[in-house]
Student: 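My structure is below; once you've seen it, I'll send some questions.
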Amino acid sequence: MIIEHPILGPRDIHEFIYVGDASLINRPNWNDDDAGSKFYEYLYLRKNIAGIHKELWFHQQGDRSWLVVSRNTKTHEIVKVDLVTKVSKELET
Amino acid sequence: MKNSNRTNLGLIDYTTEINFQFDGIAYKGFQGDTLASALMANGVKLIGRSFKYHRPRGILTSGSHEPNALVELVYDNTTEPNTKATTIELFEGLIARSQNCWPSLKYDFMSINDKFSNLLSAGFYYKTFMWPSSFWEKLYEPLIRKAAGLGKLSTVDDPKSSEKGFLHCDLLVIGSGPSGLISAYIAGLSGAKVILVEEDYIFGGNLNNEIISISKLSSHNWINFIITELKKLPNVRLMLRSCAIGMFDHGVFGIIEKFNKSLETKISQVFWKVTSKKAMLCTGALERIIPFSNNDRPGIMLSGSIRSYLNRWGVIPSNKVAIFTNNDDAYITAKNLISYGVNVVAVIDTRENPNITDPNIKVYKGSQVINSKGKLALKGINVLSNDGKVFYLECNTLGVSGGWNPNVQLSCHTGVKPEWQNDILAFIPGKNNISTHLKAVGAANGNFTLDSCMIASETAVLAILKELKIKVKNYKMPDIESETYNIQPFWYVEHGNQRKWIDFQNDVTVKDIELAYKENFRSVEHLKRYTTLGMGTDQGKTSNVTGLAILANLSNKTIPEVGTTIFRPPYVPVSLDAFVGSSKAKYFKPIRLTPTHEWAEKNHASFVETGLWLRAEWYTKENEKDWRQSVDREVNSVRNSVGFCDVSTLGKIDIQGKDSQEFINKIYCNGFSKLAIGKVRYGLMLREDGLVMDDGTTARMSDNHFIMTTTTVNAESVYRHLEFCHQCLWPEMDVQLISTTDAWSQIAIAGPNSRKVISKIIDPQFDVSNENFPFMACKEISICGGFRARLFRISFSGELAYEISIPSQYASSLVSYLMEVGKEENIAPYGTEALGVMRIEKGHAAGPELNGTVTALNLNMGKMVSLTKDSIGMILSKRIGLNLEDGPRLVGLKPIKPENQIISGSYIFNLKDKLNAENDLGYVTSSCYSPTLNSYIALGFLKDGNNRYGDKIKVSNPLLNKEVFAKVCNPIFVDPNGDRLRG
Amino acid sequence: MYYNWLKLLKESLRNNSGWKKTWRNPEVKKKYDVIIIGGGGHGLATAFYLAKEFKIKNIAVLEKNWIGGGNVGRNTTIIRSNYLLTENEAFYEHSLKLWEGLEKQINYNAMVSQRGVLNVFHSDSQRDTFIRRGNSMILNGADAEILDKDQIKSIYPFLDFENARFPIKGGLLQKRGGTVRHDAVAWGYAHAADELGVDIIQNCEVINFKFKSGNCVGVDTNKGHIKANTIGCAVAGSSGLLMSKANMTLPIESHVLQAFVSESLKPVIPGVITFGAGHFYISQSDKGGLVFGGDIDGYNSYAQRGGMTTLEDVCEGGLALMPMIGKARLLRMWGGIMDMSMDGSPIIDKTHIGGLYLNAGWCYGGFKATPASGWCFAHLLAKGYSHKLSDKFRLDRFKNGFLIDEKGQGAQPNLH
């Protein structure tokens, strides 16, 4: 597989480490009343989509940036790649 | 019988004779021959025995789809089993042997299987061998395993190696037949970066097998013309003997390039990983058979292959040739044969009204071949004519053509199913090609005539150049006569009740398919697995579609309704060493050496692997015979005086920025918000699920500069975790991270005399007295007259200790210098074993304890988890399952008899309890002999351990048949109050 | 018993004309006592044990394609009970015991071949964890032995003892582990279940669940609506997709695992061997092909295929362990969909919906579990509560912190 790094261009998958669903960016608030429940769902439950899946990849053998990749899990087609810092900043605004 | 069957024409260099051997007999061939063509020229008909029934078999094809002619190739003291004689380029001194037969190819004992074919039908082994049950493993299975298997694997090392490489291009053209050549030509001229790969050892594909004229040139000369032009272009790479074995996601292809075995190369093959923007599948088409009774005799071949041997290799298969066909293509074979003066006895055409105009050919219309005769070679055939009469025709060669299958394989590798095309009665690559990378053209896409193939290729490559935004430069298309191709469905001969072979290698017959259907194995997948159709080394290239057609017939469905199995890589079998290249033996993984490695070697260190690192485990002094002597001595020198250890492998992460402290406070579960400048603190790091991930220390060098250490094994994962937290969770924080594990070396200097020794090297302006540099202090300093360094007062050994960090390139000098300045104090280097003993004596958790299933509470550090701040893992660490009242706790274990070793991995039980899973109370994680206490000691996790100090328990190891009685105690065996640390 | 050598002989004299279907193609009924969704190894085994051990009469197995076409049809055929944690080890040992008697039970030759599973280790710390595992095996009633380097050399001289980057120090051997012919398992269980009256309905896809008052009362399929008050789901990698129809989100990710087979060779590898300095395991099938595999690719996938990098990693591990296989030729590679759970251990549990049960999370180790999984799931479906052997495989263990984490990797599926 080839991932089009937003800054470095196309890179082979073996340069990366995969962590999983990009929803891991949305860490719950520890102060919430039901924090226990929220953290459980955040960490353990997965939509596991058969289709376009947003996921986190770490460029371990490159610039060490985290990327959010939108990839179709049925065909492996990658439709979008963003730096996570771009995405998480957008989530906040 | 020496080469008497030659035409003396074709692509053969008759001036270069080659000597070779097959089954011990010497033969001669020529440059340009394959082993198969040379054997055929020498009149050798019998080449191998089939897998199950050991039926005598000859050459069926002229390419890599050969199911029969498998031989064992011997060269360079090594052997290669299961090699197809049809693809082996003949070289001087080639030695080949038949396989899967005993005692000889002609008289194979196992051919007795053939008599029991009814018993040995498809799936027979599922229905028996069950009784008596012990017999399966003792008798039946060993017999089956011995009888099965084709070639023998050589255990001798291959003197030649494999290599790997990367290539990138705009357009990958797979196949150098007419479509490939014209596409590469047009694209190459236009400046696209093109790679043209050809599986064969000459370019031209099927054009090499035909007598055609292209633009008034012979096909051979036209090929040469194109290749010459392509060779002039620097943007075109031509690769022979290179097979595209797999297509992977996003335009990535695997290509295996081989070399002529007669060449003096150190490399036998190269595995190329090619990334292409676009690719064209120009792999042509492969002919298929028509099953009839006894259609597998040596001498029965694919009609197109006869043509290949005739035109390309100049070999006449025999002097009496018959042809059996359902399509127009086979007539070209007949014509070519006649032009060389061969007696074409007849063409048996299944079609009632084929459109044939050649008066020289005797044709039986609407007829079928229903049987063949001849034991080890074909003698004649039985024909059923359209008026119902059966007659016998003498012949020594029968060319069969059941139609052509586009070579779609690669197009399926990324999950696109091929589609049925009715006008050619074959599958073509699926149009719904999600990967827009691959475009099939030519015969591979069902364009079976030369003119349609060229036109389609031109259209396709122009579209590709447009997508690539490459301007097309002028080119000239060749002149080709137009042709037609006609086929009518005829899949197998129903007449006759002797076995009709479909998959030659695995001996699968029409009867087998009928039986499978009867037993309800009706899907394509079930059919394949039950009968093993298509599972041989030829991967079903000559048999799959025919098998499907028969299944369709039985199910009363059309072929597209029945469907097809997906083809998977590799396109041809590839030796595993191709995928390894030079990452073999000692080069399997890199070796990481510590900065003091050379020095340690010189000083008689023994090394141990820690992940990819080599670390000194102990240093052997002259009189020491046993490792324990060295380790005990090292421990004693540290506890009594001073020693030093290279701890550079522990991870170091440099953290800077305004928000560093807040960041670190969220990473560790214990508090860091009050860590002052010049102080170091132990940090416990949890995973988000609340279990312990790692531990280490973090030092605050200045306001916004921190240095975090991790364990050796987790250096990379902790760093990744930190970047995750920063980039994904808290991007708004002003924090910069970098790993400095390799850049900075770290030397621990420990023992009551450690301060004395380091004072000798630390530059005088730095005060390292106990008052000014207490336990857990840190500072940027310089040593030895200005060398930049960092000093930390931390201790893993429990003694007064420091760690000096200096840039890695000076580590070696530093340790040599320490040996000098510490002579008075008898300073000695110590390795990981002594380090391990001392940390166990101090009850420090390390790798064996931090096994990923342990909580802070289990480590007796429950109180360290701050509940008043947000930190990774805090919330989920509160789950009830992780906070059981009597959960496992880290304890020390001391054997009642100090000389009894407690073994790591043993389980702990109450004295009276039986040894079973229910009574298991915990397990031993680390153990050692403690020279400080003169006893074996151990650490482990024990249920309710913190309430059981003083209890006697038994430590059992049923695996090693050992048991030791021990007492549970505080894991901090030595100096529990920590006085020595703070001195 | 339908299949035996006498029948084989009789039929061979009749030109094999008298064989009947291995399993019927019945018309689907409107109502069943139990529906099992998923016609793979686990689903078919469940149906068999439900009928045989728990005497349930009216059972249907609904398979959306052809039975045995998923992971049971494409695995590396290894059976063993050499797990570390008691929750797993007791279960897999029960499975191994069931394998040992299987052929007799289902009257089909699954070629259960107990030729030993050897895990080699390369360092002291690895040895220590293997010792702990070996002890756990023995404590749970399984067999285990430690071999030193010389003992291994005497049985497997072709391993690399001289030039290895990570020299072999010893190994943990389970003699009773081995291989089984995977296709035969699916077909055998199907045959045996069918003989006991189970309806196996192929090409039947579940489109929706039907609910009433918080209970599951049936399914809508492409073959119509089917009623049942007990529905067991055993669809492995498709679990997320199926259970989303019940509005459930699972602690499971679907990943691709690749497996490989070489051309057929004369016998050269007698048992199952796993490498300790990389993820690689290998055995030789009765037909002669070397069957081997390694780690998952590492990313979510439903595509049933993976990348070249994994192929290279696996082959590197293989040659590091036994250099001689360098000359063996890769014949075919394929991929499946693994249901990777959040702690690497399975789920056999009821759901919060009455009558709806889940069997999933087998990661890449589901094949060896087939008999015990079927047996335990049948127990749960028949009685409404789990047998002791599988009562820790609960769905809520992630919420409550009762994880069964063999590798100690935490909540990241691709690390298990």
Side-chain angles (χ1 to χ4, degrees), chain B residues 82 118-119 121 126-130 137 141 144-145 148-155 248 254 415 515 518-520 523 525-526 529 537 568-570 573-577 579-580 583-586 588-589 609 687 689 691 851-853 879-882 904-905 907 916-917 920 923 957-959, chain C residues 3 5 8 12 16 19 21-23 66 69 86 103 108-109 113 123 128 131-132 134-135 138-140 144 146 158 163 165-166 183-184 263-268 286-288 303 307-308 311-312 315-316 319-320 324-334 400-402 405 408-411:
Chain B
N82 299 337
N118 259 353
L119 202 55
S121 58
Y126 297 120
K127 299 167 181 162
T128 181
F129 296 131
M130 293 179 267
E137 271 169 45
E141 198 186 24
I144 292 177
R145 285 170 81 84
L150 289 170
K152 208 165 149 237
L153 186 64
S154 157
T155 47
F248 300 89
L515 178 60
K518 197 184 187 64
E519 296 194 271
N520 208 14
S523 73
E525 280 294 328
H526 282 167
R529 286 155 197 220
T537 63
R568 291 194 175 267
V574 179
S575 61
L576 299 186
D577 55 8
F579 301 114
V580 172
S583 304
K584 286 196 288 203
K586 290 256 183 306
F588 167 55
K589 290 273 184 245
E609 275 127 21
R687 289 193 309 239
D689 66 356
L691 285 115
N851 57 28
T853 61
R879 289 179 287 171
I880 42 165
L882 301 176
S904 296
Y907 277 83
N916 57 39
D920 144 33
Y923 56 97
N957 199 317
L959 180 71
Chain C
Y3 294 117
W5 67 272
L8 198 63
S12 75
N16 288 313
W19 291 108
K21 293 196 179 79
T22 315
W23 59 86
W66 301 90
T86 288
E103 279 135 356
Y108 210 71
N109 186 13
S113 176
S123 71
D128 291 346
I131 288 176
R132 187 182 156 203
N135 279 321
I138 295 173
L139 293 175
N140 279 289
I146 282 272
F158 49 79
N163 295 313
R165 168 72 179 82
F166 298 105
D183 283 322
E263 291 180 330
S264 158
L265 297 161
K266 289 291 175 203
V268 70
D286 288 338
K287 285 229 299 287
M308 252 188 333
L311 169 63
E312 293 174 83
C315 290
E316 280 175 22
L319 262 70
M324 73 175 178
I325 62 171
K327 279 278 154 273
R329 292 205 202 94
L330 177 68
L331 180 61
R332 196 171 159 91
M333 55 195 269
W334 63 97
N400 296 325
F402 291 98
D405 190 345
Q409 293 291 345

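Just so we're clear, the structure is a prediction, and the values are computed from it rather than from any experiment. Order of the sequence lines sets the chain letters (A, B, ...), proteins ahead of strands, with each chain counted from 1.
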Student: Please classify the contact between B/Lys584 and chain C as side chain, backbone, both or neither, with a heavy-atom cut-off of under 4.5 Å.
Tutor: side chain
Student: Of the listed residues (B/Pro573, B/Ala148, B/Ser121), which shares the most heavy-atom pairs with chain C below a 4.5 Å separation?
Tutor: B/Pro573
Student: From C/Tyr108 OH over to B/Met130 CE, what is the distance, rounded to the nearest 0.5 angstrom?
Tutor: 9.0 Å
Student: The test is side-chain contact (heavy atoms from CB on, under 4.5 Å); show your working for B/Tyr126 and C/Tyr3 and say whether it passes.
Tutor: CA-CA 8 Å; B/Tyr126 297 120; C/Tyr3 294 117; over 6 Å; no
Student: Between C/Thr22 (side chain) and B/Glu519 (backbone), is there a donor-acceptor pair under 3.5 Å?
Tutor: yes
Student: Restricting to non-hydrogen atoms, name the atom on C/Gly326 and the atom on B/Ser575 that form the minimum distance, rounded to 0.1 Å.
Tutor: O-CB, 3.4 Å
Student: Would C/Arg132 count as a cation-pi partner of B/Tyr923, with NZ or CZ less than 6.0 Å from the six-membered ring centre and within 45° of the ring normal?
Tutor: yes
Student: Among C/Arg332, C/Met324, C/Met333, C/Lys287, which residue has the highest count of heavy-atom pairs closer than 4.5 Å to chain B?
Tutor: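 Winner by heavy-atom pair count: C/Met333.
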Student: Write down the atom of C/Glu316, the atom of B/Lys589, and the distance for their closest heavy-atom approach.
Tutor: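 So the two residues come closest at OE1-NZ, 4.3 Å.
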Student: Kindly say whether C/Lys21 contributes a backbone atom to a donor-acceptor pair with the side chain of B/Lys518 at under 3.5 angstrom?
Tutor: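 Such a contact is absent between B/Lys518 side chain and C/Lys21 backbone.
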Student: Measure distances from B/Arg687 to the heavy atoms of chain C and classify the residue's part below 4.5 Å as side chain, backbone, both or neither.
Tutor: side chain
Student: What residue, out of C/Leu311, C/Asn140, C/Asp405, has the most heavy-atom pairs lying under 4.5 Å from chain B?
Tutor: C/Leu311
Student: Using a 3.5 Å distance criterion without hydrogens, assess whether the side chain of B/Asn520 forms a donor-acceptor pair with backbone atoms of C/Trp23.
Tutor: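 Yes; at least one donor-acceptor contact below 3.5 Å.
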Student: If you tally heavy-atom pairs under 4.5 Å against chain C, which of B/Thr853, B/Asp577, B/Leu576, B/Val580 wins?
Tutor: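 Top option by heavy-atom pairs under 4.5 Å: B/Leu576.
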Student: Please confirm whether the backbone N or O of C/Gly408 pairs with a side-chain atom of B/Asn851, one donor and one acceptor, at under 3.5 Å?
Tutor: no
Student: Using modelled atom types and a 3.5 Å cut-off, is there a donor and acceptor pairing between side-chain atoms of B/Arg568 and backbone atoms of C/Trp334?
Tutor: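 Answer holds: no.
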Student: Counting heavy atoms not belonging to B/Lys152, are there more than 12 under 6.0 Å from its NZ?
Tutor: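 Open: at most 12 neighbouring heavy atoms sit under 6.0 Å from NZ of B/Lys152.
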Student: Heavy-atom cut-off 4.5 Å, strictly under: side chain, backbone, both or neither for C/Gln409 against chain B?
Tutor: backbone
Student: Which residue out of C/Val268, C/Leu330, C/Thr86, C/Ile131 racks up the most heavy-atom pairs below 4.5 Å with chain B?
Tutor: C/Leu330
Student: Out of C/Gly288, C/Ala411, C/Ala320, which one racks up the most heavy-atom pairs below 4.5 Å with chain B?
Tutor: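 Option with the greatest count: C/Ala320.
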Student: So what's closer than 4.5 Å to chain C heavy atoms on B/Leu691: side chain, backbone, both or neither?
Tutor: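 Interface part for B/Leu691: side chain.
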Student: Below 4.5 Å, heavy-atom pairs only: which of B/Gly881, B/Gly852, B/Ser904 has the largest tally toward chain C?
Tutor: B/Gly881
Student: For residues C/Leu8 and B/Leu119, report the shortest heavy-atom separation together with the two atoms involved.
Tutor: O-CD1, 3.7 Å
Student: Give the minimum heavy-atom separation between C/Arg165 and B/Lys586, together with the two atoms involved.
Tutor: CD-O, 3.3 Å
Student: When only pairs under 4.5 Å are counted, which of B/Ile880, B/Leu882, B/Asp920, B/Leu515 shares the most heavy-atom pairs with chain C?
Tutor: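 Sorted descending by pairs with chain C, the first entry is B/Ile880.
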Student: Quick one: of C/Leu265, C/Ile146, C/Ile138, C/Asp183, who has the most non-hydrogen atom pairs under 4.5 Å with chain B?
Tutor: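 Of the options given, most contacts go to C/Leu265.
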Student: For a 4.5 angstrom cut-off between non-hydrogen side-chain atoms, does B/Glu525 reach C/Trp66?
Tutor: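 No; the side chains remain at least 4.5 Å from each other.
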Student: May I ask you to name which of C/Gly69, C/Gly134, C/Ser113 has the most heavy-atom pairs under 4.5 Å with chain B?
Tutor: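 Answer, by heavy-atom pair count under 4.5 Å with chain B: C/Ser113.
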Student: Considering only heavy atoms, which portion of C/Ala184 lies under 4.5 Å from any heavy atom of chain B: side chain, backbone, both, or neither?
Tutor: both
Student: Using a 3.5 Å distance criterion without hydrogens, assess whether the side chain of B/Asn82 forms a donor-acceptor pair with backbone atoms of C/Ser264.
Tutor: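 Answer holds: yes.
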Student: Taking the side chain from C/Arg329 and the backbone from B/Thr537, do they hold a donor-acceptor pair closer than 3.5 Å?
Tutor: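 No.
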Student: Might you point out which heavy atoms bring C/Asn16 and B/Asn118 nearest each other, and give the distance in Å?
Tutor: ND2-O, 3.0 Å
Student: Looking at C/Asn135 and B/Leu959, would you say the former's side chain and the latter's main chain have a donor-acceptor pair under 3.5 Å?
Tutor: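 Flag set: sc C/Asn135 to bb B/Leu959 pair under 3.5 Å.
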Student: Heavy-atom distances under 4.5 Å only: say whether B/Asn957 touches chain C with side chain, backbone, both or neither.
Tutor: both
Student: For the pair C/Asn109 (side chain) and B/Thr128 (backbone), establish whether a donor and an acceptor sit closer than 3.5 Å, ignoring hydrogens and angles.
Tutor: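 Between the backbone of B/Thr128 and the side chain of C/Asn109 there is a qualifying donor-acceptor contact (under 3.5 Å).
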Student: What are the two closest non-hydrogen atoms of C/Leu331 and B/Pro570, and how far apart are they?
Tutor: O-CD, 3.5 Å
Student: With a 4.5 angstrom heavy-atom cut-off, is it the side chain or the backbone of B/Leu153 that approaches chain C, or both, or neither?
Tutor: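 For B/Leu153, backbone and side chain are both near chain C.
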